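A short write-up of the structure that comes next.
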Amino acid sequence: MGFLRLFRCPSFPWAWRSARLQLTQIRAQHPPRWKHSGPGSYKAVIFDMGGVLIPAPSEVAAVWEAQHRIPSGTIIKALVTGGRKGPWMRFMRGEMTVEEFLQEFGTQCSEMVVESCLEGVCKPDPRIFKICLQRLQVEPAESIFLDDLEHNLKAAAQLGIHIIKVNDAENALKKLETFLGFPLRKIIPNTCSVRKTMEIPRDSLEKYLKSLLGSQAAVSGPLEVLQFSHGQSNPTYSIRMSNHHLVLRKKPPGKLLTSAHAVEREFRIINALSDAGVPVPKVLDLCEDSSIIGTPFYLMEYCPGQIYKEASLPGMEPSQRKAIYTAMNQVLCQLHSVDIKAAGLEDYGKHGDYIQRQVQTWTKQYRATETSTIPAMERLIEWLPQHLPKEQRTTVVHGDFRLDNLIFNPEKPEVLAILDWELSTLGDPLSDVAYNCLAHYLPSDFPITRGLSDLDATQLGIPTAEEYFKMYCCQMEIPAAENWNFYMAFSFFRVAAILQGVYKRSLKGQSSSATAEQSGKLAEFTSSLAWDFAVKEGFRIFKGMPNTRPSTRSYCLWAHRRLPLISNGTRSWATFSKASQAAASKGVLIISPEALSEPVRDLYHRLERFIETHVYPIEQELRNHQMSEARWTPPLQIEELKEKAKSEGLWNLFLPIETDPEKKYGAGLTNLEYAHLCELMGKSLYAPEIFNCSAPDTGNMELLVRYGTHEQKTRWLLPLLEGKIRSCFAMTEPQVASSDATNIESSIREENGVYIISGHKWWISGILDPRCQLCVFMGKTDPHAPRHQQQSVLLVPMDTPGIKVLRPLSVYGLEDPPGGHGEVLFENVQVPKDHMVLGPGRGFEIAQGRLGPGRIHHCMRLIGYSERTLALMKERVKSRVAFGKPLAEQGTILADIAKSRADIDQARLLVLKAAHLMDVAGNKAAALDVAMIKMVAPAMALRVIDRAIQAFGAAGLNSDTPLAQFFSWARALRLADGPDEVHRTTVAKMELKR
């Protein structure tokens, strides 16, 4: 809250931070150390920086005027010119921008930089004090205001705020300490009272310290112990004894992992680096006797200085931020330049293969602390060993090098000490650089450390991660590594493993951090970030592949995998359980089913035989059933074939291995492998349901696998996987353009402990099926939230009162029974709160995740439509004669066949490429190709089917063949999962950025 005159000048580059009214709330973590003799109980201190913490602006102005030979009083006179209507007062009230103020003020005074906030009021206006009190949530009598100007103090006093006039900072500080009842100058930054689970025996520690310090500790005085609030691993304490201020760092209590929390190594490395000139704290002693405080520990001298907890460095100028990051980069280079042999650290770690050993170590530690399966971690554990750097330098590495592990000189951008050496060893220095850049990819509201990903680093003056890396390489005189994304993936993988360990220890009460439980739960988030970088690295390798002989290099993200065994009693919902990684591990774009791995090729041929033997022969019966009066009753033939398919291991083939890495629910196929199988199923409109691979169930099952709770999976996922029930997805609405999911208007409101949904939906596929027991409903929980955080997803039982199906909708006259496509009203439908998926505001995220593989499944099936259509066309034209010769010899027919073959093969290659990219580079990296196939495949299928209908003549229009149904669904798929126009726009925009 700014209202203070503040000048920037070269004489004070590190003293001037901001022109803000400082609001300091006294925290409970600093209990009074002596009783306050004054009246009242104060909860807040309000003070002006100018004239209190830093010199008064008038004094600074006078010095500046003298240095620049400006007549004395020029600046102050310019400031007060115009009174309340002058540029300064208008600027302080927020009525002028910085640029406007400088331009107008520049005509009255020399150049200077001015900073303030935009509340619109300034001292001595009483409103500014009221705003402070309101935001602090305190009464005037509970507050103290410091200033050097009488009229400001008078205004505060009139409101009942206690005041201190600052003529001399030292005397003012003494007065403030008297009011507060405890010494401000003895508060240790970033400390709090020792947490109950982290208490240490003080009597034995005091005895040890007196023995260690000898005569230096002869002066009696109480032992003061505080705990540093940071430090997730080894508990760290501030120790005051007599005139000594020390820092104690110890192992946490309880049973620990082997080689973890090695304070002995920390002591050794700090000692060695101190002699090498690296800025580190001065260590005093290592105590390995656990009888003193329960675990080994070491002591070092307290190093006063500034620790910056936030990567954005709030309150600084851009130039200051840049200087801080430059100093951090320089000290990292200094560390990595230490002569290992001269420092006596040749045996501090193994030489070579550092990343490989680290991946193994963190994988082992993650497994030891695993509390549930995290899919991204499973993928990373597989991917990282297959993409290790070919060349690695060996230096001392810190292992946890980041901004808040550095102590800076508060007066200039200089690192005084590097802290927290627990993870240090000999290894690849680029791992330190990447770890140092983690904050660049974390959001500013990340609970553990506030990041920069949603801020403009350039505007803040902070180097981007890429610029920071280049700065490092330039100072070290080394070439920039191409596989930067690998190092970032590895760094976030490590963080995820650490957070998982912290979380596991928090369950046992062993963690040193108050936020440990929350920290551990973020393991899934950070592992997802790691996987994003793995995807980028895979895509980089993919783009660098040579155009010839692509099979000579592997760039697949999935390699030979040893999956965790499913414990006894846990049922696998996929009947195909053999490993299917051979093809993917080759990293080859497989365009022929015969090139698939042996188990997948066997699956393909069994599926093909099943469709030819059991499905094609009954298709006409099924088409006839769909036109009969009993059409809304599921045909018995389908149910019988489902059981047969399940018994033959042809069941739940659709779930990609990235979603189900343990193959607990699906067959463990890659997207590329499933593409070939899905094309087979696409040759018959009835086949996907027979193999439990039909929409919308596939998308809903994947949604539940990805996002569902254990209870939600038990109630809905397992019956869907068994084929006992069916489901629908309710998003599209008749009143809005639902191709933009943010347009939906149906409401979800919380009332009396339940959610109440109301809305009008249509084109809800499958909702008329009597087996449909689950509706996945998307609606708005908060219309005032950011655009993509307004929607939520609820799991709605179909027997809930208030759901009314108005009518079945037809596609070109086809109703598609028994599932159909319904228009539905939801009128005050009450749903339990635990039926919410992920949480309020996550609907758009869920919808996008649900559509990922689903969009490509439609395109795979369209290739099957087209291939079956061409086969029927060829059979037809060979058996029909017109104008004296078979249709197969007519020029126009031959041309149509040729066009269809070319169209199908072109589209298939594009579909397979998109599926392959999803496997090797991830869904995001494959976005362009997925958009292209959604644009290409339906239009291609329509052309191929139309040519066949033309060759069939009138027979192609009726239900004696699948052509009419193929045509209607191909046309519908130009709208389903996004209209052509949306996909064309996506492709064009991405193309323009290339």
Side-chain angles (χ1 to χ4, degrees), residues 1 17-18 20 22-25 27 29 117 135 189-192 228-233 236 305-329 332 398 400-408 410 413 415 418-420 432-469 488 491-492 494-496 498-500 502-503 506 511-530 532-533 786 789 841:
M1 177 167 315
R17 291 300 169 92
S18 68
R20 294 186 174 91
Q22 302 297 311
L23 311 179
T24 304
Q25 193 152 9
R27 304 295 181 185
Q29 65 185 24
C117 68
R135 294 189 181 175
N190 305 309
T191 60
C192 60
F228 284 97
S229 56
H230 59 281
Q232 299 278 2
S233 186
T236 308
Q306 179 75 47
I307 295 178
Y308 299 109
K309 304 282 284 186
E310 295 187 35
S312 62
L313 299 173
M316 285 191 178
E317 288 293 309
S319 60
Q320 295 171 332
R321 295 188 183 103
K322 183 177 181 180
I324 289 292
Y325 273 80
T326 300
M328 178 167 60
N329 196 291
L332 182 59
H398 183 274
D400 193 16
F401 192 86
R402 61 180 194 261
L403 184 65
D404 61 345
N405 270 336
L406 305 178
I407 298 177
F408 282 86
V415 177
I418 308 172
L419 307 177
D420 200 351
D432 265 352
V433 187
Y435 195 86
N436 196 191
C437 291
L438 292 179
H440 283 78
Y441 304 101
L442 292 171
S444 58
D445 60 352
F446 191 68
I448 304 302
T449 178
R450 295 185 179 183
L452 301 166
S453 65
D454 52 347
L455 304 176
D456 188 336
T458 302
Q459 186 177 11
L460 291 172
I462 297 173
T464 63
E466 292 75 15
E467 291 168 344
Y468 190 83
F469 180 47
M488 292 306 307
S491 296
F492 272 113
R494 265 183 36 184
V495 171
I498 291 170
L499 290 174
Q500 181 61 34
V502 173
Y503 176 58
S506 74
S511 180
S512 68
S513 171
T515 58
E517 184 174 354
Q518 181 186 28
S519 304
K521 291 179 180 178
L522 294 169
E524 186 172 350
F525 174 79
T526 49
S527 65
S528 295
L529 289 178
D532 286 343
F533 280 104
Q789 297 174 21

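Keep in mind that the numbers below use all heavy atoms, side chains included, and drop hydrogens, waters and symmetry copies. Note that this is a predicted model, so its numbers are computed, not measured.
At least one side-chain heavy atom of Ile324 sits less than 4.5 Å from a side-chain heavy atom of Leu313. Side-chain atoms of Leu403 and Met328, non-hydrogen and from C-beta on, do get closer than 4.5 Å to each other. For the pair Gln789/Pro786, a side-chain contact is recorded, criterion being any heavy-atom separation below 4.5 Å from C-beta on. A 4.5 Å side-chain heavy-atom check between Thr236 and Asp420 finds every atom pair outside the cut-off.
Rounded to the nearest 0.5 Å, atoms CZ (Phe533) and OG (Ser528) are 12.5 Å apart. Considering CE of Met316 and CD of Glu310, their distance stands at 11.5 Å, rounded to 0.5 Å. Rounding to the nearest 0.5 Å gives a distance of 12.0 Å between CZ of Phe492 and CD1 of Ile498. To the nearest 0.5 Å, the span separating OG on Ser491 from CG on Asp432 amounts to 8.5 Å.
Arg402 forms no cation-pi arrangement with Tyr435, by the criterion of a distance under 6.0 Å to the ring centre and an angle within 45° of the ring axis.
Between Ser312 and Leu455, the shortest heavy-atom contact is CB-CD1, 3.8 Å. Ala327 approaches Pro413 most closely through the heavy-atom pair CB-O, 3.4 Å.
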Side-chain donor-acceptor distances from residues 458-467 under 3.5 Å, at least two apart:
{"from": "Thr464", "atom 1": "OG1", "to": "Glu467", "atom 2": "N", "distance (Å)": "3.1"}
{"from": "Thr464", "atom 1": "OG1", "to": "Glu467", "atom 2": "OE1", "distance (Å)": "3.4"}
{"from": "Glu467", "atom 1": "OE1", "to": "Thr464", "atom 2": "N", "distance (Å)": "2.9"}

Side chains of residues 441-452: which donor-acceptor pairs under 3.5 Å do they make with residues two or more places apart or in other chains?
{"from": "Ser444", "atom 1": "OG", "to": "Asp454", "atom 2": "OD1", "distance (Å)": "3.2"}
{"from": "Ser444", "atom 1": "OG", "to": "Asp454", "atom 2": "OD2", "distance (Å)": "2.9"}

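A side chain to side chain contact (heavy atoms under 4.5 Å, CB included) with Leu419 is found for one member of Ile307, Asp400, Leu406 and no other, namely Ile307.
Partners of Phe401 according to the ring-ring contact (aromatic ring centres under 6.0 Å, His included) rule, which considers only residues two or more places apart in sequence or in another chain, are His398. Asp532 pairs by the side-chain contact (heavy atoms from CB on, under 4.5 Å) definition with Leu529, Lys924, not counting sequence neighbours. Every residue two or more places apart in sequence or in another chain that forms a side chain to side chain donor-acceptor pair (under 3.5 Å) with Tyr468 is listed here: Asn436. Residues that satisfy the ring-ring contact (aromatic ring centres under 6.0 Å, His included) test with Phe408, not counting sequence neighbours, are Tyr308.
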